[in-house]
Amino acid sequence: MTKNSTGLPPAARPTDRPSPRAGILEIAPYVPGKSKATGGTKVFKLSSNETPLGPSPAAIAAFQDAASSLEIYPDGAATALREAIGEAYGINPARIIAGAGSDDVLYMIGHTYLGPGDEAIHSLHGFNVYPIIIQAAGATPVAAPEKGFTTYVDAILDRVSEKTRVVFVANPNNPTGTYLPFSEIRRLHAALPPHVLLVLDAAYADYVRRNDYESGIELAGAAPNVIMTRTFSKIFGLAGLRLGWGYGPAEVIDALNRVRSPFNVSIPAAAAGVAAVKDKAHIEAAVAHNEEWLPRVTQAIEGLGLEVTPSVGNFVLIHFPATPGRTAAEADAFLMGRGIILRRVTSYHLPDALRMTIGSAEANEAVIAGLKAFLHGAAS
Ligand SMILES: *Cc1c(COP(=O)(O)O)cnc(C)c1O
C-alpha cells in the first residue's frame, strides 16, 4: 500500500479534521508530580526532586537584573552560559549545547537521530521522558529490564539490533535512585556499535558521592558517539526557569544546533545559570544537606518496616506491601491528607512504590512521622 509522509495509509487519515501523524496518539502523556495536597496546614511538596535550598542568591539577583532587557532577543548560541559551564566543568564551550531544560536537549537528540523504523533503548524503570521522545520522533521505544531496580547493561546489549540508533541511560536513574559504576558504562559503550548514540543523562550527578561514579564528561569528550546531558533543575534549584545542557562530540553538537529552536534559552534563564554555576558554596551546601538527610531518611523509613532502594540522588524510592490498608496508593492518600506530596510512580511500572524527594529537615521529619502514623496508627 502506498503511504504518505505520515507513515499512515492515506485512507486511515480522516479528511474532515487535522490528524496527528502515526504514533502520536499512542504516546502516554507524561505524568508530572502532583503539586497540591488534599489536607494539612502546611504543604510539603516532595514530588519533583526540587531542592529545599532554592537557587543561589546570586542566580536570583541575576534573574532580577535581566528584567530590564526583556524586549531584547537572547543570544541564540547562549555563549556566556556555555562559557561559564565550560569553565566550571573544565570542558570546551564549543561542544556544549544549551536547552530549555535538559528535556529540550533530549528532544533535540530524538528529532535529530531518530525517525520511523528506528529503535531506541531505555531501561524499564528509566526516566519516563525517553519513551515519549522516542515515540514523538516516530521511532520505537525498546525497554530493557533492570536488575535490582538498577540499569542492566547486558539486558540493554541483548536488545541492540540493526535498527537501534540511540540508547538512553540516566545515571543515577530517576525514580529508582540507583547508579551504575562507570566501569559498567564503559562496558556498555565498548559493546555498542559505533553508529549508536549513547545518551548519558546525568541530571543528579552533582549529588553523587561515590568513588566509582563518573558523570560521563570524559567519555563524552573522547568518544564520537556519547553525549552527556545535565540540568539546572535539580541541585541548582532553577526548575521553574527551564535550563539544561548537553556536552558531546562536535559533530553531534553541530547536528543538534541545526534542529534547536533558535532562541531556546531565555535571557533571564541564561543569566541565572551563569551565576548559579559559579556559586560553588551553594552547591556544596546542597550536597551537605543531602549527605545528612539521605541516610537519615532511608534508615528511618526502613526502621518502619518498609523497603527503600539505596539511592545516590536527592530522592528515595519507598516500596509498600500489596496488603490492603498498607499499599502505596493508600499511603499516598494518607500523606496527602497531611499536606505531604510524594510521587506515585505507576507510570514507571512501579505501582507499589512512592518516590520521596529529600526535603527540608521539617519536611523529612513530617514524612517519617506521617508514614509511622500510616503504618502503626496515629497514636504512636
Ligand atoms: C529531572 C530530570 C531531568 C531534568 O529535566 P529538565 O528538563 O532539565 O528539568 C532530566 N533527566 C532526569 C532523569 C531527571 O530526573
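Ligands are counted one by one from 1 in listed order, and the atoms in each one are counted from 1 as well. Source: prediction; values computed, not measured.
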For residues 263-275, which side-chain donor-acceptor pairs fall under 3.5 Å, sequence neighbours excluded?
| unit_1 | atom_1 | unit_2 | atom_2 | d |
| --- | --- | --- | --- | --- |
| Asn264 | OD1 | Arg260 | NH1 | 3.1 |
| Asn264 | ND2 | Ala98 | O | 2.9 |
| Asn264 | ND2 | Asp104 | OD2 | 3.0 |
| Ser266 | OG | Ala269 | N | 3.2 |

| message | Quick one, Tyr204 with Lys234, criterion side-chain hydrogen bond (donor to acceptor under 3.5 Å, both in side chains). Give me CA distance, side-chain angles, the key distance, then yes/no. | response | CA-CA 7 Å; Tyr204 301 95; Lys234 304 291 158 58; 3.0 Å; yes
List, for ligand 1, each N/O atom that has a protein N/O partner under 3.5 Å away, with both atom names and the distance.
| unit_1 | atom_1 | unit_2 | atom_2 | d |
| --- | --- | --- | --- | --- |
| ligand 1 | 5 (O) | Ser102 | OG | 3.4 |
| ligand 1 | 5 (O) | Asp103 | OD1 | 3.4 |
| ligand 1 | 7 (O) | Ser102 | N | 3.3 |
| ligand 1 | 7 (O) | Asp103 | N | 3.0 |
| ligand 1 | 7 (O) | Asp103 | OD1 | 3.3 |
| ligand 1 | 7 (O) | Asp103 | OD2 | 3.3 |
| ligand 1 | 7 (O) | Arg242 | NH2 | 2.6 |
| ligand 1 | 8 (O) | Ser102 | N | 2.6 |
| ligand 1 | 8 (O) | Ser102 | OG | 2.9 |
| ligand 1 | 8 (O) | Thr231 | OG1 | 2.5 |
| ligand 1 | 8 (O) | Ser233 | OG | 3.4 |
| ligand 1 | 9 (O) | Ser233 | OG | 2.6 |
| ligand 1 | 9 (O) | Arg242 | NH1 | 2.9 |
| ligand 1 | 9 (O) | Arg242 | NH2 | 3.2 |
| ligand 1 | 11 (N) | Asp201 | OD1 | 3.2 |
| ligand 1 | 11 (N) | Asp201 | OD2 | 2.6 |
| ligand 1 | 15 (O) | Asn174 | ND2 | 2.7 |
| ligand 1 | 15 (O) | Tyr204 | OH | 2.6 |
| ligand 1 | 15 (O) | Lys234 | NZ | 3.2 |

| message | Using the ring pair (Phe, Tyr, Trp, His ring centres under 6.0 Å) criterion, which residues pair with His122? Sequence neighbours excluded. | response | none
| field | side-chain hydrogen bond (donor to acceptor under 3.5 Å, both in side chains) partners for Ser47, two or more places apart | value | none
| field | Side-chain (Thr150) to main-chain (Gly148) donor-acceptor, under 3.5 angstrom | value | yes
| query | How long is the gap from CD1 on Ile235 to CD on Glu50, to the nearest 0.5 Å? | reply | 14.5 Å
